[in-house]
Amino acid sequence: MGLIDVGVNLTAASLHKRAAEVIANASAVGVTRNVIIGTSIDASTAAVQLAEQLLGCIATAGVHPHDAKSVSADFIEQLRSLAQHPQVRAIGECGLDYNRNFSPPDVQRKVFAAQLELAAELAMPVYLHERDAIGDQLAILDQYIAQLPAVIVHCFTGDKTALSAYQERDCYIGITGWVCDERRGFDLQQAVPHIHDNRLLLETDSPYLMPRTIRPKPKSGTNTPANLPWVLAKVAELRKQTAEELTALTTTNAIRVFSAWPEATK
């Protein structure tokens, strides 16, 4: 059973032009399926195009809170159109980010709520982003969560308290190479053993968050889905599970939330 990377920013400049190579390299080490993240209308469109072309890839379509300030008046209609594509399996990456506030918080909240409303209308999973905004994030999410088939907390980096709040809402929890960072990942390392078996997902968030446990240390700082086994190893260690057990349960979870992966169409 191959690993599934549920978070790859394959439209990022450092990966896009060599996307086929990136996916092939991942497959060679057992990462056989990937979720390409959409973070804006343009990036979501590009994510769909890549998912059409690359074996074992699906996509999300959404607007990241950093891009909330730049949406057009018809962005929800554009997302609704993208969501009709069979490769698109979730609305997002969407949510709130008060850590950097690249978009004004009031605009972030409005754009987030609109995407949740769309996901509820279409009965599609939601792919979440959140930094330093969990109170507002949950308050808005709670207005729609009963109508959503699944909620994926992308790149969870929080502590046991934040985990408990998301797990009370039956969210899926995505763990990245942040867990491999002995400097800033301590709280996450304490939380990981408490993630429910049937809600744990693995991701790289490539090209970001290179696992610091990789040996020998890579020459490039650009992360790729081929490094997902290092995330797997650390999570398995923390949870006292074997790599085989963790692969089986996280792959089963990913297929449950995103449905079966299609073959490439081009």
Side-chain angles (χ1 to χ4, degrees), residues 1-9 22-23 25-35 37 56 127-131 134 150-258 261:
M1 182 178 287
L3 280 167
I4 297 178
D5 187 340
V6 302
V8 183
N9 293 284
V22 168
I23 296 302
N25 289 344
S27 182
V29 298
V31 183
T32 57
R33 284 165 284 190
N34 299 271
V35 179
I37 307 171
Y127 196 87
L128 292 183
H129 172 102
E130 181 261 313
R131 291 290 180 274
I134 192 166
V151 176
I152 303 99
V153 182
H154 161 59
C155 190
F156 177 75
T157 59
D159 58 15
K160 287 190 286 186
T161 300
L163 175 64
S164 178
Y166 281 120
Q167 293 205 138
E168 286 173 4
R169 292 160 173 83
D170 207 24
C171 297
Y172 288 82
I173 308 295
I175 300 299
T176 65
W178 189 286
V179 77
C180 302
D181 191 328
E182 76 285 357
R183 307 164 305 168
R184 59 182 181 173
F186 178 79
D187 286 344
L188 177 60
Q189 290 177 359
Q190 302 304 301
V192 159
H194 300 278
I195 300 173
H196 299 157
D197 275 356
N198 67 346
R199 288 296 181 266
L200 176 60
L201 300 169
L202 299 178
E203 52 177 322
T204 57
D205 202 19
S206 305
Y208 317 112
L209 299 181
M210 177 79 77
R212 284 174 56 83
T213 49
I214 295 178
R215 296 293 183 273
K217 187 175 179 180
K219 295 179 181 179
S220 170
T222 301
N223 197 16
T224 73
N227 292 323
L228 190 64
W230 294 93
V231 180
L232 171 78
K234 186 63 179 181
V235 173
E237 173 194 332
L238 292 168
R239 292 171 63 85
K240 296 180 170 55
Q241 294 171 310
T242 68
E244 292 75 17
E245 289 170 338
L246 195 59
T247 296
L249 73 87
T250 56
T251 296
T252 298
N253 293 343
I255 291 171
R256 183 189 312 116
V257 68
F258 291 109
W261 260 248

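Positions are given from 1 along the sequence. The structure displayed is predicted, hence computed values, not measured ones. Only heavy atoms go into these numbers, but all of them, side chains included; no hydrogens, no water, no symmetry mates.
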message: Determine whether a donor-acceptor pair (N or O, by modelled atom type, separation under 3.5 Å) exists between the side chain of Arg215 and the backbone of Arg212.
response: yes
Nearest-0.5 Å distance, CG of residue Leu209 to CG of residue Asp181: 9.0 Å
message: Looking at every non-hydrogen atom in both residues, tell me the closest pair between Gly2 and Thr32 and how far apart they are.
response: CA-OG1, 3.6 Å
query: What residues, two or more places apart in sequence or in another chain, satisfy side chain to side chain donor-acceptor pair (under 3.5 Å) together with Asn223?
result: Asn227
- line: Scanning both residues in full, the closest heavy-atom pair of Ala254 with Ile4 reads CB-CD1, 3.7 Å
task: For the pair Trp178 (side chain) and Arg184 (backbone), establish whether a donor and an acceptor sit closer than 3.5 Å, ignoring hydrogens and angles.
output: yes
query: Taking all atoms of both residues into account, what is the closest heavy-atom pair of Pro211 and Cys180, and its distance?
result: CB-SG, 3.8 Å
Residues which pass side chain to side chain donor-acceptor pair (under 3.5 Å) with Thr204, listed by chain and number, not counting sequence neighbours: Asp5, Ser206
Under 3.5 Å donor-acceptor, Ser27 side chain and Ile23 backbone: no
query: Could you go step by step and tell me if Val6 and Thr250 meet the side chain to side chain contact (heavy atoms under 4.5 Å, CB included) rule?
result: CA-CA 10 Å; Val6 302; Thr250 56; over 6 Å; no
field: Shortest non-hydrogen separation from Pro229 to Val31 and the atoms involved
entry: CD-CG2, 4.0 Å
message: Could you work out, with side chain to side chain donor-acceptor pair (under 3.5 Å) as the rule, every residue matching Glu244, not counting sequence neighbours?
response: none
query: Is the Phe258 ring parallel, tilted or perpendicular to the Tyr127 ring (thresholds 30°, 60°)?
result: tilted
- prompt: From Gln190 CD over to Leu163 CG, what is the distance, rounded to the nearest 0.5 angstrom?
  reply: 12.0 Å
message: I need the minimum non-hydrogen distance between Trp230 and Thr213, along with the two atoms involved.
response: CZ3-O, 3.3 Å
- prompt: Nearest 0.5 Å, what's the NZ-CG distance between Lys160 and Asp187?
  reply: 9.5 Å
task: Measure the spacing between CG of Leu3 and OG1 of Thr247 and express it to the nearest 0.5 Å.
output: 4.0 Å
Contact list for residues 188-203, test salt bridge (charged side-chain N to carboxylate O under 4.0 Å, His left out), sequence neighbours left out: Asp170-Arg199, Asp197-Arg239
query: Run the side chain to side chain contact (heavy atoms under 4.5 Å, CB included) check on Ile134 and Tyr166 step by step: do they pass?
result: CA-CA 9 Å; Ile134 192 166; Tyr166 281 120; 3.8 Å; yes
field: For Glu245, side-chain contact (heavy atoms from CB on, under 4.5 Å) partners two or more places apart
entry: Gln241, Thr242
Value rounded to 0.5 Å, distance of CG in Leu201 from OG1 in Thr251: 9.5 Å
- prompt: Can you list the residues that meet the side chain to side chain donor-acceptor pair (under 3.5 Å) rule with Arg256, with sequence neighbours excluded?
  reply: Tyr172, Asn253
- prompt: Between Leu246 and Leu249, is any pair of side-chain heavy atoms under 4.5 Å apart?
  reply: yes
- request: Quick one: do Asp205 and His154 satisfy side chain to side chain contact (heavy atoms under 4.5 Å, CB included)? Show the steps, please.
  value: CA-CA 9 Å; Asp205 202 19; His154 161 59; 3.3 Å; yes
task: Kindly give the heavy-atom pair with the smallest separation between Thr224 and Val22, and that separation in Å.
output: CB-CG1, 4.3 Å
task: Decide yes or no on side chain to side chain contact (heavy atoms under 4.5 Å, CB included) for Ile195 and Ile175, but give the supporting numbers first.
output: CA-CA 10 Å; Ile195 300 173; Ile175 300 299; 3.7 Å; yes
message: Between Thr176 and Tyr208, is there a side-chain heavy-atom distance shorter than 4.5 Å?
response: no
statement: d(His194 NE2, Leu200 CG) to nearest 0.5 Å is 13.5 Å
